[in-house]
Novice: 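This is the structure I have questions about; it appears just below.
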Amino acid sequence: LDLSVSWLGMQMASPLFNASGVHCRTKEELEQLRRSAAGAVVTKSCTLAPRAGNPEPRYRRTALGSINSMGLPNEGYRYYLDYAQAYDDAKPLFLSISGMTLEDTLTILAELATLKLPCLPEVNLSCPNLPGKPQLGYDFAASAEALAAISRVYAQPFGVKLPPYFDPVHFAAMAAVLNGFPLLRFVTCINSVGNGLVIDLDSEAAVIKPKGGLGGLGGDYVLPTALANVREFAVLLADKHVIGCGGVKSGAEAFMHILAGATAVQVGTCLHEEGVSAFDRIEEELAAIMQAKGYQRLEEFRGRLKTL
Ligand SMILES: O=C(O)c1[nH]c(=O)[nH]c(=O)c1I
């Protein structure tokens, strides 16, 4: 069986890698990912200056997944540029960027452009947890302006992390925006489903502290929404890759994401809870499903979702 992925000039031995934000804030975490069975590594979204993030508790696991309102805690962009400059591994490295303002994002990308590093930016248009800051990806005009500025300033291949959309009109509107940017080579669908509220029955309280308990949902909660976003954008985006993210906890969900059209698949909540051994387990499970179905390679079923 061959579970490798070759895309945008990169080779991934496994189709699985981490979702930005999970197990990727520090060099120690990034090195553990690099040495793991993950097919690639993506860094925690970064800002110009280091950030402590929101008050704790800000992450909770639940029976159906997770809720988080981390608030963009990160070491500052130079920390991740330093890591990328020292990075000498065939395993692809992606840099997630989420400036507090568009100007900050452009500043970071302008510096990245000069370094000619062998890593691709994943520009985050969808952080749901910064009080008072809307998710850029929900404002189509602002997204178009941002992508135009990014294309001008960075002028090299890049990707974006999208929020979940829930309406065919919005899939079409955002696809029309994205298709206007040839340097945009991949979209990662989806970020957490924003601003859910998990309540603890005994304490009669929200389970996380920030924003009165509102946070982004991950895990089982989001799988159908993630699959829908992967499939819709895989169909609507001409000549771009879609990276699946959301609800992957076994080979089954990884298979579904690829069937829906995903080139590769990110793991978030499950990685946070299980650790990097999740990559070995999920890959083995995916291989077993392929074996049972008679598939040798991912290309044989990628995007081949049937409809009734
Ligand atoms: O709260 C966070 O740090 C966070 N949490 C998420 O669930 N998605 C994001 O893009 C971010 I930047």
Side-chain angles (χ1 to χ4, degrees), residues 17-26 29-30 42-62 64-77 79-80 94-102 104-105 108-109 121-139 142-143 146 158-165 186-198 206-223 225-226 229 243-248 266-273:
F17 60 123
N18 67 297
S20 175
V22 181
H23 206 287
C24 58
R25 175 177 174 179
T26 66
E29 288 178 316
L30 290 164
V42 56
T43 60
K44 168 65 186 174
S45 293
C46 63
T47 47
L48 276 184
R51 285 176 55 85
N54 288 340
E56 297 182 337
R58 59 195 189 183
Y59 173 93
R60 278 277 179 274
R61 169 174 188 24
T62 73
L64 294 175
S66 66
I67 184 168
N68 91 83
S69 187
M70 307 303 286
L72 198 38
N74 75 97
E75 308 301 321
Y77 83 104
Y79 181 95
Y80 303 102
F94 297 85
L95 285 175
S96 177
I97 297 165
S98 186
M100 293 304 284
T101 63
L102 175 59
D104 285 3
T105 294
I108 295 168
L109 284 170
E122 183 186 76
V123 180
N124 189 347
L125 302 182
S126 45
C127 179
N129 301 322
L130 296 174
K133 288 184 71 68
Q135 295 183 73
L136 196 60
Y138 285 148
D139 180 333
S143 292
F158 69 99
V160 292
K161 179 73 167 283
L162 295 177
Y165 299 94
F186 72 92
V187 300
T188 302
C189 297
I190 58 175
N191 207 321
S192 53
V193 171
N195 297 294
L197 175 63
V198 174
V207 299
I208 58 172
K209 184 167 183 173
K211 294 174 61 177
L214 298 187
L217 303 177
D220 295 358
Y221 296 117
V222 311
L223 178 65
T225 296
N229 279 259
I243 303 301
C245 185
V248 178
Q266 295 180 348
V267 182
T269 299
C270 175
L271 170 61
H272 187 280
E273 295 305 318

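Note that ligands are numbered from 1 as they come in the structure, with each ligand's atoms numbered from 1 the same way.
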Novice: For N68 and N129, which I'm curious about, is there any donor-acceptor pair between the side chains at under 3.5 Å?
Specialist: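 Side-chain D/A pair, N68 to N129: present.
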Novice: Ignoring hydrogens and geometry beyond distance, is a side-chain donor-acceptor pair present between T26 and E75 at under 3.5 Å?
Specialist: no
Novice: Hey, which atoms in ligand 1 end up nearer than 4.0 Å to a heavy atom of L72?
Specialist: 1 (O), 2 (C), 3 (O), 12 (I)
Novice: Does one side chain, of T47 or N74, offer a donor that lies under 3.5 Å from an acceptor on the other?
Specialist: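 Yes, N74 and T47 have a side-chain donor paired with an acceptor closer than 3.5 Å.
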Novice: If you look at every heavy atom in R25 and Y80, which pair is closest and at what distance?
Specialist: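 Here R25 and Y80 meet closest at O-OH, 2.7 Å.
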Novice: For the residue pair S126 and N124, confirm or rule out a side-chain donor-acceptor distance under 3.5 Å.
Specialist: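 Result is yes, a qualifying pair exists.
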Novice: Hey, which atoms in ligand 1 end up nearer than 4.0 Å to a heavy atom of M70?
Specialist: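 Taking each heavy atom of M70 in turn, ligand 1 has 1 (O), 2 (C), 3 (O) under 4.0 Å.
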Novice: If you measure every N/O of G71 against every N/O of ligand 1, is any gap under 3.5 Å?
Specialist: yes
Novice: Which option wins on minimum heavy-atom distance to atom 7 (O) of ligand 1: S192, P128, G216?
Specialist: S192
Novice: Is the closest N or O pair between K44 and ligand 1 shorter than 3.5 Å?
Specialist: yes
Novice: How does N129 reach ligand 1, by side chain, by backbone, by both or by neither, if only non-hydrogen atoms under 4.0 Å count?
Specialist: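 The answer is the side chain.
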Novice: Hey, is ligand 1 close enough to S45 that some N/O pair sits below 3.5 Å?
Specialist: no
Novice: How long is the span from the CG atom in L72 to the CG atom in L130, to the nearest 0.5 Å?
Specialist: 5.5 Å
Novice: If we set the cut-off at 4.0 Å for heavy atoms, which region of C127 has an atom near ligand 1: side chain, backbone, both, or neither?
Specialist: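 Answer for C127: both.
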Novice: Under a 3.5 Å threshold, yes or no: a donor from one side chain and an acceptor from the other, between K211 and N195?
Specialist: yes
Novice: Does ligand 1 have a heavy atom under 4.0 Å from the side chain of N54, from its backbone, from both, or from neither?
Specialist: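 The answer is neither; N54 stays 4.0 Å or more away.
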Novice: Ignoring hydrogens and geometry beyond distance, is a side-chain donor-acceptor pair present between Y221 and T62 at under 3.5 Å?
Specialist: yes
Novice: Give the atoms of ligand 1, by number and element, whose distance to some non-hydrogen atom of N191 is under 4.0 Å.
Specialist: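 Answer for ligand 1: 6 (C), 7 (O), 8 (N), 9 (C), 10 (O).
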Novice: Is ligand 1 under 4.0 Å from a heavy atom in the side chain of N124, in the backbone, in both, or in neither?
Specialist: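 Side chain only.
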